[in-house]
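Letters go in sequence order (proteins before strands), and every chain restarts at 1.
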Amino acid sequence: MNTVPGLGYLGAFGEIGRFGARVIGIVWTGRAFRFFGESLRQAGILIFGSGLIIWALVFIFGLQCGLNGAYFVRAQGAPSYAGLFAAFCDLREALPYAFGYILSAKVGTGIVAELGAMRINEEIDALEVMGVPPVTFLCGSRLLGAWIALPFIYLVGIGIMYLASYIAVVKQVGDVSSGGYSLIFWMFQDPTDVIYSLVKGMTMATVIVLVGCYYGYTASGGPVGVGTATAKSMAFNIVAVHIIGMVGTLVFWGANPRLPIGG
Amino acid sequence: MGPVFEQVGSMVILTARTLRSAIRAPYPYGDELIEQIVFTIRLCWLPLLASTFALNLGAPGLQAAGVLHVFGSLDRLGGFFVLTAVRWIGPLVTAVVVAGVAGTAITADLGARKIREELDALQVLGVDPIKNLVVPRFLALVLVTTLFDAFAILFGLASGIAAELIYNQSLGGFFATLFSNSSVTDVWGSVLMCAVFGGIIAVVCCFKGMTASGGAAGVGLAVNQAVVISLVGVSFFNYVFTAVLLATHPELQTIR
């Protein structure tokens, strides 16, 4: 046991950084395209296995954004400005966080469980013996699959979150008409914000997939070891998601809030 | 959909049995309870503080300060932090961290015992796994999640202060609007919400751990499902609770 708090995280951070750079290098230099079929299969698993649950959590977060926003602007005496709160909350903050939470819970831990079981059953060693490079085949194809599928899941999630906020503000609380809400809501966002938000979400997704691959690939110690590795990856991902969210906000909107008000 | 309802029903039954088992004598779980509390605090405190500070600095801190800065009313950020740090983000992030860090550890631990047939051995020895394993974890998570809420709120407010300092604003206005807008209802709502979050996480994670099966992949999959169900359950309960609290307490809807 280390005595300084956080030292374990730092050590893991270094290891994951080295492993992650290797996997990103594999995808970047095109070596992962050798197993493009496997990448497409992983993308399909993401869409059919995780899409619905991602959108479900995104929908609930959208409801929360709309609800809290509607009551907050009612307190300010400006109920028609629920759209301002919802636009900022949905697109810039809540969606990346909801996406990061459910990805680390569903996709990250899923990868650890799958790769960890393969490691324990010595299937990864078998791959190596067969002449298939295991990091390329298992981790590179998963990262490529995530990069193929997740941007679209994220963009659909934006629509689902907007729908949820609309329901909470206009139908549930009902202080503002549909048109009044939409006017302010669409006024306070532009396509650049969508790109920034997407970059934030995909950074989280990349880190989560790499962390999952690292903990699964290096699992040891029988079935118990797989469970422990899964728990560890989740703990690391939670902290990583929040740090990426904060840094993303600081970089994209920290100096310039991108508001269509004043000069 | 059938298995989904079956699992939800089993979790409700487990909740009822845990509550009954916790109240009824005898109480053999004292040592285990202390151990679990210490374990959870030691595992969660650093991720919790880092996460609450980061989330509150980014989401409500800088975004809201950006809007308020345009209107020249940065002192109003304190009032906004009652909504975010106390009522919404504090409890939610506490639950996410406890589910992701402590909940997964509980599922991995119980799942490992299930796979190694230790749970069956306990039952053969006449030891009730619910009373000796689930009840202490349930009580520990409820207690620790409630305690953590206070620290989540404190660090959330600290990041509000950081956001004010980033915009070179004096802190007098922040504290003035913070204290004039916060009410006792907000705080007890936050604490009560966190207690229920802890209960949801504990039941889901214990259930998934105790029903793990299928060798090496089984424990990992149990952890995977436990944390997904915890997150969705917690955020859905957050939505329902906030809606009820805000609708039934009009005093929360005025600005002071």
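Contact tally against chain A (heavy-atom pairs below 4.5 Å) for Gly100(B), Ala112(B), Ser51(B): the top residue is Ser51(B). Chain B forms more heavy-atom pairs under 4.5 Å with one residue of Ala105(A), Pro257(A), Ser233(A) than with any other, namely Ala105(A). Ranked by heavy-atom pairs under 4.5 Å with chain A, the first of Leu252(B), Leu43(B), Leu231(B) is Leu231(B). Note on Gly111(B), Ala105(B), Ala243(B): by heavy-atom pairs under 4.5 Å with chain A, the leading option is Ala243(B). Top candidate by heavy-atom pairs under 4.5 Å with chain A, chosen from Ile166(B), Val96(B), Leu57(B), is Val96(B). Note on Pro47(B), Ser159(B), Ala50(B): by heavy-atom pairs under 4.5 Å with chain A, the leading option is Pro47(B). Residue with the most contacts toward chain A among Leu55(B), Val101(B), Asp109(B): Leu55(B) (heavy-atom pairs, distance under 4.5 Å). Among the candidates Ile238(A), Leu63(A), Thr230(A), the residue making the largest number of heavy-atom pairs closer than 4.5 Å to chain B is Leu63(A).
Within a 6.0 Å radius of CZ in Phe155(B), other residues, nucleotides and ligands contribute 12 heavy atoms or fewer. By the neighbour-count criterion of 12 heavy atoms within 6.0 Å, atom CZ of Phe13(A) is sparsely surrounded, having that number or fewer from other residues, nucleotides or ligands. Counting heavy atoms of neighbouring residues, nucleotides and ligands inside a 6.0 Å radius, atom CZ of Phe151(B) does not exceed 12 of them. Within a 6.0 Å sphere centred on OH of Tyr81(A), other residues, nucleotides and ligands contribute 12 heavy atoms or fewer.
Taking all atoms of both residues into account, the shortest heavy-atom contact from Ala108(B) to Ala231(A) is CB-CB, 4.5 Å. For Lys106(A) against Asn224(B), the heavy-atom pair with the smallest separation is O-ND2, 3.3 Å. Leu57(A) and Ser235(B) get closest at one heavy-atom pair: CD1-OG, 3.1 Å. Across Val67(B) and Leu259(A), no two heavy atoms sit closer than the pair CA-CD1, 3.5 Å. Ala54(B) approaches His242(A) most closely through the heavy-atom pair CB-O, 3.6 Å.
Neither the backbone nor the side chain of Ile106(B) comes within less than 4.5 Å of any heavy atom in chain A. Residue contact with chain A, scored on non-hydrogen atoms closer than 4.5 Å, involves the backbone and the side chain of Phe80(B) alike. For a residue to count as touching a neighbouring chain, one of its non-hydrogen atoms must lie under 4.5 Å from one of that chain's; by this rule Ala247(B) touches chain A with backbone and side chain alike. The contact between Val239(A) and chain B is made by backbone and side chain atoms together, counting heavy-atom distances below 4.5 Å. Leu83(B) touches chain A through its side chain: at least one heavy atom from C-beta onward sits under 4.5 Å away, while N, CA, C and O do not. With a 4.5 angstrom heavy-atom cutoff, Tyr97(A) touches chain B only via side-chain atoms. For a residue to count as touching a neighbouring chain, one of its non-hydrogen atoms must lie under 4.5 Å from one of that chain's; by this rule Gln172(A) touches chain B with the side chain only. Within the 4.5 angstrom heavy-atom criterion, no atom of Phe59(A) approaches chain B.
Taking 4.5 Å as the limit, some side-chain heavy atom of Tyr101(A) sits within range of a side-chain heavy atom of Val93(B). Proximity of Thr109(A) to Thr104(B): side-chain heavy atoms (C-beta onward) are nowhere separated by under 4.5 Å. Within the 4.5 Å cutoff, side-chain heavy atoms of Thr249(A) are placed close to those of Gln63(B). Contact of the Leu92(B) side chain with the Phe61(A) side chain is registered, since non-hydrogen atoms from C-beta on lie closer than 4.5 Å. A heavy-atom distance below 4.5 Å is not found between the side chains of Val219(B) and Thr228(A).
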Next on the checklist: Between Leu67(A) and Tyr239(B), is the side chain to side chain contact (heavy atoms under 4.5 Å, CB included) condition met? List the steps.
Outcome noted: CA-CA 8 Å; Leu67(A) 179 75; Tyr239(B) 165 67; 4.1 Å; yes

Item to check | side chain to side chain contact (heavy atoms under 4.5 Å, CB included) evaluation trace for Leu246(B) with Asn68(A) | outcome: CA-CA 9 Å; Leu246(B) 287 175; Asn68(A) 280 303; 4.2 Å; yes

Checklist entry - Please walk me through it: do Gln64(A) and Trp88(B) pass side-chain hydrogen bond (donor to acceptor under 3.5 Å, both in side chains)? => result CA-CA 9 Å; Gln64(A) 290 178 1; Trp88(B) 184 14; 3.1 Å; yes

Checklist entry - Can you list the steps and then say if Arg116(B) with Val224(A) is a side chain to side chain contact (heavy atoms under 4.5 Å, CB included)? => result CA-CA 9 Å; Arg116(B) 287 187 300 218; Val224(A) 183; 3.5 Å; yes

